[in-house]
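Below is one structure, written out as structure tokens, with a few remarks after it.
This structure is a prediction, so every number in the text was calculated from the model and none was measured.
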Amino acid sequence: MSLLTFRDVSVSFGDAPVLDGASLGIFARERICLLGRNGAGKSTVLRLIAGEIRPAGGEVERVPHLRVMKLDQEIPQGCAGTVFDVAVQGLGEEAERLRAYHEAARLLAKDPDDGIAQAKLEELHHQLEVTGGWTFEQRLESVLSKLGLDPAAAFEGLSGGGKRRALLAKALAGDPDILLLDEPTNHLDIPSIQWLEEFLQKLSCTLVFVTHDRAFLKKLATRIVDIDRGRLTSWDCDYERFLERKEEFLESERAANAVFDKKLAQEEVWIRRGIEARRTRNEGRVRALQAMRRERAGRREVQSAATLALHAGAASGQKVIQMKDVSFAFPEQPPILKDFSTTIWRGDRIGIVGPNGSGKTTFLRLLLGELKPQQGAVEHGTHLEIAYFDQHRSILDEKLSLGENIAGDGDTVWVGHASRHVVSYLRDFLFSPQDVRAPISRLSGGERARAVLAKLFLTPANVLVLDEPTNDLDVETSELLEELVLKFKGTVLRVSHDREFLKNAVNATFVLDGNGAVREFAGCDEEDWALPTEAPAPSAKAAPASPEKKADRPRKLSNKERQDLESLPKRIEKLEAEREALMAKMADPSFYRANGGMTPKEAADALARLEADTAAAYARWEELETLSSRLQGSA
């Protein structure tokens, strides 16, 4: 038996209905992922399930006494007090009584002779016994313990991940039959996301969640519900199979529509032949044609995918950015970098990960020269053209419309070497003409992300810097962005908690630990992201390998080390050839008579430099050969 059922539900907020005669059943212990484009209606479905809105048509049937709790996408403003004060709100009617009891207990603890507090405490204690409130408190204490939360901690003092766990405790405290999660991984670091996955898998209630995180989706979902053109379709399969089956479904739909449109065109030709079509014996055919016209007019076409195209600038120099012994820390904060050195080469696609607060965005700003290191130096290569997507979308002006943000005072933009109308250009990013005239402040999170991409991609670039670009983007647009990064010929720096994107689209990873150290890894292995997390430690029964053992695991050669190992033999050969050629010239007496293009002192200095470079190259090659052999032997 289903816990909740949609029967021909319709919801509309504008021209096209968000839901149009949609049906759905939700059953016990399912984990359902809602998928759909930005604006398709995912949050609307969650609000219908939660009872926050009512459908314009159809009905939502619930089993008696169904308990539904919801964790919203954004942390609500105005949450104050302790973790207990926030979490207890999930207990409904008992919340105020329990809060008052604990407040009276706190007052009495400060002043044991306070008779008023003592009387209030005794009265509330009796009320809680009568109503069974102690059972609710035990449930809340159990939830807070499982989530590793201190009930007395100040909510405002928690990190983003800690606040989301406190809000999750509030949702779980009500012992829900259905738990609704709207983008639960937004603003969480990778260890917190991994912990959340494991925690949700153990819950006995039904989950209905919206996410852009494909790894999270694959780990949790037992069923996928797709929202497309006002319809809800259910797919009992994994994500990869869903993509295949949906494409087959859409292809079948396209074929059926083509047959229908052909028949409609034939009937339109027939109706225009003349008076014969209007004779009484043909009235049935005329009525059928009118019905076909209504059906065709009501058809909602599949929304095309966004068209993402970044116009690459001229190639940068081979060396893009070099850090030499860089240190940086904010006052009274742990260091973000401590004596860190690295070189980023043209064509590198580097993922940057680390716990929340470890300084990933600051690291980017140091790389880009927006911040000056307190020690060491950051050197940029030649001909850099940088496109920077910052997670705060600061390149958008809230006072202007979308069109003004993209095209300024005009109505055209230059894309490569061609001029395009701004409405036509923004249609590639799934914006309607009405959206172009709307102020930025009215756009959703996903629409703002697409607007930033539209603005960035107008400028040719050979270095693409992306700071959490997929937050709020739907899965399909995230995949398109991933494809663009893979095809991009320049250099990519990407801060992300999207594990699927990192695995597919980077060839090296920098892992910040939040205390100044940065580990470099070739490729992107999820085991390399093992970092301290705010989540509670697992029980002894399921304890993983100790952090010390993890740290001792042999690392891999970084992308730069692998490139050096491959290129150094040729460089050594070249340096030796130049050295031999210069020595042969210097041994010829005519060289000094003609000066050979340089003075004797310049020739001697050039020879010394070549010998030093050759020795350094030999030393580096031997070092990497030894390291490579050791890592292979311990693998």
Only one of Lys246, Arg245, Lys42, Arg37 forms a salt bridge (charged side-chain N to carboxylate O under 4.0 Å, His left out) with Asp226, so which one is it?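 Checked Lys246, Arg245, Lys42, Arg37 against Asp226; only one passes salt bridge (charged side-chain N to carboxylate O under 4.0 Å, His left out): Lys246.
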Test applied, salt bridge (charged side-chain N to carboxylate O under 4.0 Å, His left out); reference residue, Lys219; option that passes from Glu500, Glu198, Glu197: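 The passing option is Glu197.
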Under 4.5 Å between any side-chain heavy atoms of [X] and [Y], yes or no?
X      : Y      : value
Arg349 : Leu493 : no
Arg519 : Asp513 : no
Leu396 : Val452 : yes
Pro184 : Phe216 : yes
Tyr425 : Phe431 : no
Leu172 : Met69  : no
Leu71  : Asp182 : no
Ser192 : Asp189 : yes

Would you give the length of the straight line joining atom [atom1] of [X] to atom [atom2] of [Y], rounded to the nearest 0.5 angstrom?
X      : Y      : atom1 : atom2 : value
Leu35  : Asp228 : CG    : CG    : 11.0 Å
Leu337 : Phe510 : CG    : CZ    : 10.5 Å
Gln201 : Leu196 : CD    : CG    : 10.0 Å
Arg494 : Ile350 : CZ    : CD1   : 14.0 Å
Tyr388 : Arg365 : OH    : CZ    : 7.0 Å
Asp238 : Ile224 : CG    : CD1   : 7.5 Å

Shortest non-hydrogen contact from [X] to [Y]?
X      : Y      : result
Pro373 : Val378 : CG-CG2, 4.2 Å
Val320 : Leu384 : O-CD1, 3.6 Å
Ala169 : Leu149 : CB-CD1, 4.1 Å
Cys237 : Phe242 : SG-N, 3.5 Å
Leu371 : Leu366 : O-CD2, 3.6 Å
Pro469 : Ala449 : O-CB, 4.1 Å

May I ask you to establish whether Arg31 and Phe209 are in a cation-pi arrangement, using a distance under 6.0 Å from NZ or CZ to the six-membered ring centre and at most 45° from the ring axis? no
[X] side chain vs [Y] backbone, donor-acceptor pair below 3.5 Å:
X      : Y      : value
Asn405 : Asp397 : yes
Lys360 : Pro355 : yes
His497 : Val353 : no
Glu398 : Ile440 : no
Thr342 : Met323 : no
Thr491 : Gly347 : yes
Glu183 : His212 : yes
Asp85  : Thr82  : yes

Distance-only polar pair, side chains of Ser316 and Asn462, donor-acceptor under 3.5 Å: no
Between Asp339 and Val326, is the side-chain contact (heavy atoms from CB on, under 4.5 Å) condition met? List the steps. CA-CA 5 Å; Asp339 298 324; Val326 170; over 6 Å; no
Can a salt bridge be assigned to the pair Glu240 and Lys218 using a cut-off of 4.0 Å between side-chain N and carboxylate O?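 Salt bridge: yes.
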Closer than 4.0 angstrom, basic N to acidic O: yes or no for Asp348 and Arg346?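 Looking at Asp348 and Arg346, the cut-off is not met.
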After noting the C-alpha distance and the side-chain angles of Asp325 and Ser341, does the key distance pass the side chain to side chain donor-acceptor pair (under 3.5 Å) rule? CA-CA 5 Å; Asp325 301 319; Ser341 299; 3.2 Å; yes
As a quick check of understanding, evaluate side-chain contact (heavy atoms from CB on, under 4.5 Å) for Val518 and Val511, giving each step before the final call. CA-CA 5 Å; Val518 180; Val511 183; over 6 Å; no
Lys338 atom NZ: more than 12 heavy-atom contacts under 6.0 Å: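 Result for NZ/Lys338: open.
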Give a yes or no on whether Arg448 atom CZ has more than 12 heavy-atom contacts from other residues, nucleotides or ligands under 6.0 Å away.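 Yes, enclosed.
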Are Leu168 and Leu179 close enough, and set up right, to give a side-chain contact (heavy atoms from CB on, under 4.5 Å), and what steps lead you there? CA-CA 10 Å; Leu168 178 59; Leu179 177 62; 4.1 Å; yes
Please step through ring-ring contact (aromatic ring centres under 6.0 Å, His included) for the pair Phe328 and Phe340, ending with a clear verdict. CA-CA 10 Å; Phe328 186 88; Phe340 178 66; over 10 Å; no
For side-chain contact (heavy atoms from CB on, under 4.5 Å), just list the numbers for Phe501 and Arg214, CA-CA rounded to whole Å, side-chain angles, deciding distance to a tenth of an Å, and then say yes or no. CA-CA 9 Å; Phe501 185 101; Arg214 287 165 288 168; 3.9 Å; yes
